[in-house]
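Here's the structure we're looking at; comments come further down.
Below, read A as the first sequence line, B as the second, and so on, with proteins coming before strands; counting in each chain starts at 1. Values in this document were obtained by computation on a predicted structure and should not be read as measured data.
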Protein chains: 2
Amino acid sequence: MERASQLQQEIKQRKPFRSKKQEAALGILRTADVIHRRGEALMAPHGITSQQYNVLRILRGAEPEGLPTLEIGHRLVEQTPGITRLLDRLEKKQWVKRWRCPEDRRQVLCRISKAGLALLERMQADVDRSEEESLQNFSQNEIQALIDMLDRARKA
Amino acid sequence: MERASQLQQEIKQRKPFRSKKQEAALGILRTADVIHRRGEALMAPHGITSQQYNVLRILRGAEPEGLPTLEIGHRLVEQTPGITRLLDRLEKKQWVKRWRCPEDRRQVLCRISKAGLALLERMQADVDRSEEESLQNFSQNEIQALIDMLDRARKA
DNA sequence: TCTTTTTACTTGACTAGTCATCTATTGTAG
DNA sequence: CTACAATAGATGACTAGTCAAGTAAAAAGA
C-alpha cells in the first residue's frame, strides 16, 4: 500500500498516476510553473515581466549591433506575432529602440537602450541569486544528471 | 576547453551559463515548454486546449457531485479570474454545466456534461500515449530520481 | 526584365493568466 | 439581531502566446 506521492497530494488527485513517466512529465510542468512564478515575483517590482527581461538580456548580448525582430523570437522559441508586440511594449517603455534595417528594408533592427541596460544592471544581483535558489540543495552530480535528463526529454 | 552545452546551443547563447544550477533551472523551463507544446498539438484537433482538458479531467474525477469554481482553480494552481472565464468557454461549448449551489448561494457548482465525458473518452488513448512519450527512453530509476528532484525543487 | 516565391514582419481575433475592484452571501462578534 | 468581516465569484484592464491573413521588400526563375 504505497503512500500517495507528493505531486499527487499537491494536485489533490484521488487516483494514483497511471504511470511514473506521466507523473514525471507533470512534475516538470508544475516545477516549471513554480520557477516561473518565482521569476515573475522577482521582476514585478521593477515593472517588467520575465519574458520582457529575457528579451532585454538577449539584446544586451547582441550589443552593439542589435538584432532583427524574428531572431529574438527564435532565441525565445516564441512565434512571431508575440515577439512583435512584446517589442512594442518594450519600445513604449523606452527600453529598446527599433529602426528599419537599411540593407534589408524588410527587417526591423532592435537594440537595447541606455535605460534598458541600466535596468538590467539594477536587477542583476537579485536575478543571479534567485536563479540558483530553486536548486539550492542539490549536489553537482544531481544537477548534472538533471540537466542531462532534461536534454534527452526535449530531444525525444 | 568544454564544449558548449546542448541547451546553450539551443538558445544560441554565446556566454556559458554562470552556473550549472542556472542551466538546470532554464532546462526545466524549456523542457516544460516542449512538453506543453506537444500536449497542445495533441489537443488542438479535438477543438480543446490543454488547460480546458485538465479542467474536464478534474471534473470527471469529481463526478457525480461536481465542484465549486474556485476548487477547480486550486487544483490547477490558477488564480480565480482565469478559471471563471475558462469555465465560461467550456460551458459555451456545452462540455460543462454550472448552477448556483442551493446550500451556499455564493458558490457556483460545475459538472462535466455527457458531451464532455464523451470527448475525454475519445481523447483518452492519444493522451495516454503522448504523456509518456517524452520520457520514453528513461529507466525506472531515472524516472524516480527525476520525480524526486523535481519535488525537492518545488519545495525549495 | 518581369513575374513568382520567399522572407520579415504586422494586424486581427482568440485563449489564458494576472491584478485590482466590485457584488452577493455567509459567518461572526457585539 | 445587526453591523462588520470573510468568502465565492464576476468584471475590467493588461501581458502574453497562438493561428490566420495581409503587406512590403528581397530573391529566384523564365
Side-chain angles (χ1 to χ4, degrees), chain A residues 29-30 32-56 66-93 95-96 98-110, chain B residues 29-30 32-56 66-93 95-96 98-110:
Chain A
L29 293 173
R30 305 269 304 192
D33 190 59
V34 167
I35 292 175
H36 181 247
R37 279 165 200 274
R38 288 178 188 154
E40 291 294 347
L42 180 72
M43 309 290 174
H46 297 273
I48 192 172
T49 66
S50 64
Q51 201 60 321
Q52 291 176 355
Y53 176 83
N54 288 334
V55 168
L56 290 187
L67 283 177
T69 302
L70 290 193
E71 177 56 29
I72 300 169
H74 290 324
R75 298 196 189 187
L76 286 172
V77 197
E78 198 182 322
Q79 295 319 96
T80 320
I83 184 63
T84 296
R85 284 183 271 241
L86 207 158
L87 285 164
D88 290 345
R89 289 184 281 270
L90 286 174
E91 189 176 34
K92 194 155 60 186
K93 290 183 190 164
W95 288 325
V96 309
R98 289 195 286 182
W99 69 98
R100 273 276 145 213
C101 172
E103 289 85 45
D104 182 343
R105 294 188 34 71
R106 289 169 303 181
Q107 292 188 341
V108 174
L109 290 176
C110 310
Chain B
L29 294 173
R30 307 265 307 191
D33 189 60
V34 167
I35 292 175
H36 181 247
R37 281 166 199 273
R38 287 177 189 153
E40 292 294 347
L42 180 72
M43 308 292 174
H46 297 273
I48 193 172
T49 66
S50 65
Q51 200 62 319
Q52 291 176 354
Y53 176 83
N54 288 334
V55 168
L56 290 186
L67 284 177
T69 302
L70 290 193
E71 178 57 28
I72 301 170
H74 290 323
R75 300 195 189 188
L76 285 172
V77 197
E78 199 183 320
Q79 296 317 98
T80 320
I83 183 64
T84 296
R85 283 183 273 240
L86 207 158
L87 285 165
D88 289 346
R89 289 185 281 270
L90 287 174
E91 190 176 34
K92 194 155 57 183
K93 291 184 191 163
W95 288 325
V96 310
R98 290 195 286 183
W99 68 98
R100 268 291 138 209
C101 172
E103 290 83 46
D104 183 345
R105 295 187 35 69
R106 289 170 302 181
Q107 293 188 338
V108 174
L109 291 175
C110 310

Who are the side-chain hydrogen bond (donor to acceptor under 3.5 Å, both in side chains) partners of [X], not counting sequence neighbours?
| X | answer |
| --- | --- |
| A:R100 | none |
| B:Q52 | B:K93 |
| B:R105 | none |

Taking only distance into account, with no hydrogens and no angle test, what donor-acceptor pairs under 3.5 Å do side-chain atoms of residues 82-91 of chain A form with protein atoms, sequence neighbours excluded?
| unit_1 | atom_1 | unit_2 | atom_2 | d |
| --- | --- | --- | --- | --- |
| A:D88 | OD1 | A:R98 | NH2 | 2.4 |
| A:E91 | OE1 | A:R98 | NE | 3.3 |
| A:E91 | OE1 | A:R98 | NH2 | 3.2 |

Nearest-Å distance, [atom1] ([X]) to [atom2] ([N])?
| X | N | atom1 | atom2 | result |
| --- | --- | --- | --- | --- |
| A:L87 | C:dC9 | CG | P | 10 Å |
| B:D88 | D:dG9 | CG | P | 13 Å |
| A:Q107 | C:dC9 | CD | C1' | 10 Å |
| B:H36 | D:dT18 | NE2 | P | 9 Å |
| B:E71 | D:dA8 | CD | C1' | 12 Å |
| B:I72 | D:dG9 | CD1 | C1' | 12 Å |

query = Is the phosphate of C:dC9, meaning OP1 or OP2, less than 4.0 Å from a side-chain N or O of A:T84?
reply =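 No, because none of the side-chain N or O atoms of A:T84 sits under 4.0 Å from OP1 or OP2 of C:dC9.
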
query = Do B:T69 and B:Q107 come close enough that some side-chain heavy atom pair is under 4.5 Å?
reply =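 Not touching, per the 4.5 Å side-chain cut-off.
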
task = List for me each residue that meets side-chain contact (heavy atoms from CB on, under 4.5 Å) alongside A:H46, sequence neighbours excluded, and say none if there are none.
result =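 Here the qualifying residues are A:I48, A:L119, A:M123, A:D126.
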
ask   = What is the nucleic acid contact for B:T69, judged by heavy atoms within less than 4.0 Å: base, sugar-phosphate only, or nothing?
value =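 It contacts sugar-phosphate atoms only.
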
message = One character per nucleotide, please: for nucleotides 15-27 of chain C, 5' to 3', B when the base has a protein heavy atom closer than 4.0 Å, S when only the sugar-phosphate does, - otherwise.
response = SSSBBB----BS-

